[in-house]
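The structure appears below as structure tokens.
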Amino acid sequence: MPKLKIVTFGCQANELDSARIAGVLAREGYTLTEDEAEADLVILNGCSIREKAEQKLFSRLGTLQTLKGENPGLRLGVAGCLAQREGSELLRRFPYLDFVVGNGEHLAEIPQLLRITPTRPAATRPPVGLFPEDADVHRDSRFRAWVGIMEGCDNFCSFCVVPFTRGRERSRRPEDILREVLLLRERGYREVTLLGQTVNSYGKKLDPPVTFAGLLRRIDAAVGGDVRVRFTTSFPMDVTAELAEAMAELPSVCEHIHLPVQSGSTRTLDRMRRTYTREEYLGKVTLLRSAVADLAVTTDIIVGFPGETDDDFAETLSLMERVGFDGCFAFKFSARSRTPAAEMPDQIPGEVSAERLKRVLELQAHLSLERNRRAIGRAAEVLVDRELDRRDSGLGAGRTRQNKIVHFRGGEVVEGGLASVEITDATPYHLKGVLIASS
Ligand code: 5AD
Ligand code: SF4
């Protein structure tokens with residue numbers, strides 16, 4: 001049987017795309033391997049959101065050229081956002097590449113592309129459709145799974161390539177999502193994470209339209225208390241009272257929202273074209289927190305956006321303190337071609353961005369510790385996950401409903417099972433505890 005190696009660079013959406021590629025090629029007889037040297041086909045699935053992400057993929061391509069020199073039968077492809085953006089330009093730059101395939105419906109076209117010889121195909125028309133409903137998704141985990149509910153984005157933030165790489169926003173039908181979630185439950189999955197670039201704007205263009213909160217209600221009604229439901233990423237302006245209520249009421253929906261703010265300065269937010277002000281963002285957090293007890297809020301922040309002054313940056317720090325985020329992914333602004341921000345005057349020098357990034361990370365470590373300490377003395381529901389174990393530590397590990405990592409002692413637990421853990425200590429990065437009971 002032919003062997004396939006997939007190398008993924010990027011976010012959860014890229015990971016889900018890799019699982020889709022593996023599913024499509026399993027039907028063609030491919031089995032997965034970790035070892036490049038024994039692979040018949042290597043696919044690099046890469047992100048292009050920041051320049052650094054692209055560089056990683058390019059340097060991996062370099063090492064694969066050597067491997068291909070030793071094994072001329074090896075076929076090599078690039079898939080995903082980077083492929084979508086660069087198209088056949090990649091084939092020109094890397095003459096040893098066999099094919100290039102973009103996002104969305106293109107992922108299902110890989111088997112056809114592999115049958116085209118000797119030309120080197122590029123399937124990178126702007127994606128308009130979805131990954132076909134009748135195609136398989138390969139799952140690594142036996143108990144938690146990503147479920148794509150929508151693709152693309154219509155927001156066109158001035159720094160972001162996603163509307164170009166993943167196309168316009170389009171949603172899967174709720175019946176198709178429900179069918180997938182129910183099948184996962186039948187197979188013993190205990191947690192699903194609904195994925196999309198802006199999940200909470202789900203369903204606006206469906207006929208009839210469906211709200212994201214409506215979708216959560218339907219999923220909750222179908223899975224009862226058997227499956228935990230998470231979702232990411234949410235867009236601030238699409239946070240509604242209906243969503244806050246659904247999160248508060250539905251037992252399966254976890255108490256965590258990832259709500260990228262990007263900046264705490266209204267002036268910068270305006271130039272980022274985020275469509276909300278600092279105050280509006282704070283209002284959305286208040287709306288959610290006043291409805292959902294014990295809600296964890298995490299965020300993304302960009303530092304060094306063109307024209308960001310010391311005062312603008314100070315507002316980002318002050319917003320972080322005001323909200324008291326549970327966690328934050330922080331990035332230095334990366335100028336991406338075709339985006340308006342790349343052409344803006346007053347690009348910020350690298351040293352300034354690096355210094356700001358450091359300050360954001362320091363402040364976040366402090367805030368995370370403060371938030372994590374609030375859990376001490378309480379019992380947490382933990383989904384046991386071996387991947388989070390520290391090797392040979394003898395401790396159990398898993399995640400709370402707030403998505404916090406917990407290491408705990410006090411007995412044997414089953415992977416994919418739920419454990420009740422009393423939290424006894426906290427660091428900025430995880431909680432520590434003692435097992436009370438497991439199921
Ligand atoms: N530069 C830096 N960070 C970016 N992000 C998106 N585009 C850029 C860019 N050009 C960040 C945002 C987004 C996260 C997924 O990546 O914070 O929320
Ligand atoms: Fe990019 Fe997110 Fe803005 Fe869409 S909402 S353009 S994915 S940053």
Side-chain angles (χ1 to χ4, degrees), residues 9-17 46-56 80-82 84-85 103-104 126-127 148-171 195-202 204-205 212 231-239 257-265 268-276 280-281 284 297-308 313 316 319-320 325 327-344 347-348 350 352-354 356-357 360-361 364:
F9 303 87
C11 65
Q12 297 101 333
N14 298 102
E15 282 179 32
L16 174 60
D17 285 342
C47 169
S48 73
I49 204 145
R50 289 170 293 274
E51 199 181 341
K52 217 162 114 189
E54 290 191 351
Q55 291 313 332
K56 280 193 204 159
C81 295
L82 180 96
Q84 189 69 57
R85 214 169 119 84
N103 278 317
I149 64 164
M150 46 121 62
E151 276 283 339
C153 182
D154 288 347
N155 282 332
F156 290 91
C157 300
S158 64
F159 51 81
C160 185
V161 293
V162 166
F164 308 108
T165 59
R166 292 196 176 267
R168 294 300 93 76
E169 180 184 310
R170 54 225 186 261
S171 299
L195 270 191
Q197 265 65 47
T198 54
V199 265
N200 57 332
S201 75
Y202 170 84
K204 283 183 187 153
K205 298 182 192 168
F212 179 60
F231 54 89
T232 198
T233 291
S234 298
F235 189 71
M237 282 322 270
D238 293 313
V239 167
I257 190 162
H258 185 64
L259 198 62
V261 65
Q262 313 298 1
S263 166
S265 142
T268 305
L269 288 169
D270 185 43
R271 285 174 321 112
M272 287 178 161
R273 290 207 208 136
R274 288 291 289 182
T275 71
Y276 53 85
E280 280 169 319
Y281 182 89
K284 298 293 183 182
V297 183
T298 55
T299 201
D300 291 344
I301 284 174
I302 296 178
V303 296
F305 186 79
E308 184 185 65
F313 177 63
T316 294
L319 179 125
M320 289 172 67
F325 288 112
C328 155
F329 296 109
F331 310 100
K332 282 189 275 186
F333 169 73
S334 169
R336 311 306 286 135
S337 62
R338 290 178 69 191
T339 63
E343 309 299 325
M344 286 180 183
Q347 298 281 325
I348 304 294
V352 176
S353 299
R356 289 179 182 170
L357 182 69
V360 165
L361 296 176
Q364 187 54 50

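Residues take their numbers from the sequence shown, with the count starting at 1. Ligands are counted one by one from 1 in listed order, and the atoms in each one are counted from 1 as well. A quick note: this is a predicted structure, and the numbers were derived from the prediction, not measured.
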- Query: Would you say R336 and ligand 1 have an N/O pair spaced under 3.5 Å apart?
  - Reply: no
Notebook entry, point to check: Taking atom CZ of F329 as the centre, does the number of heavy atoms from other residues, nucleotides or ligands within less than 6.0 Å exceed 12?
Noted result: no
With a 4.0 Å cut-off on heavy atoms, does R274 reach ligand 2? yes
In ligand 2, the atoms that come under 4.0 Å of a heavy atom of F156 are 6 (S)
Atom 4 (Fe) of ligand 2 sits nearest the protein heavy atom C153 SG, 2.3 Å
In ligand 2, the atoms that come under 4.0 Å of a heavy atom of P163 are 6 (S)
Ranked by distance from atom 1 (Fe) of ligand 2, the top protein heavy atom is C160 SG, 2.3 Å
A student checking ligand 2 against F159 at a 4.0 Å heavy-atom cut-off should list atoms 8 (S)
* To do: Return yes or no for this condition: an N or O of F159 is under 3.5 Å from an N or O of ligand 1.
  => yes
Separation between CD (Q12) and OG1 (T233), nearest 0.5 Å, reads 6.0 Å
closest protein heavy atom to atom 6 (S) of ligand 2 is C157 N, 3.4 Å
Here the gap from M237 atom CE to S201 atom OG, rounded to the nearest 0.5 Å, amounts to 12.5 Å
For atom 17 (O) of ligand 1, the closest protein heavy atom turns out to be Q262 OE1, 2.6 Å
If we number the atoms of ligand 2 from 1 as shown, the ones under 4.0 Å from a heavy atom of F235 are 5 (S)
The closest protein heavy-atom partner of atom 5 (S) of ligand 2 is N155 ND2, 3.3 Å
Here the atoms of ligand 2 under 4.0 Å from any heavy atom belonging to T198 are 5 (S)
Would you say the rings of Y202 and F235 are close, in the sense that their centroids are separated by under 6.0 Å?
no
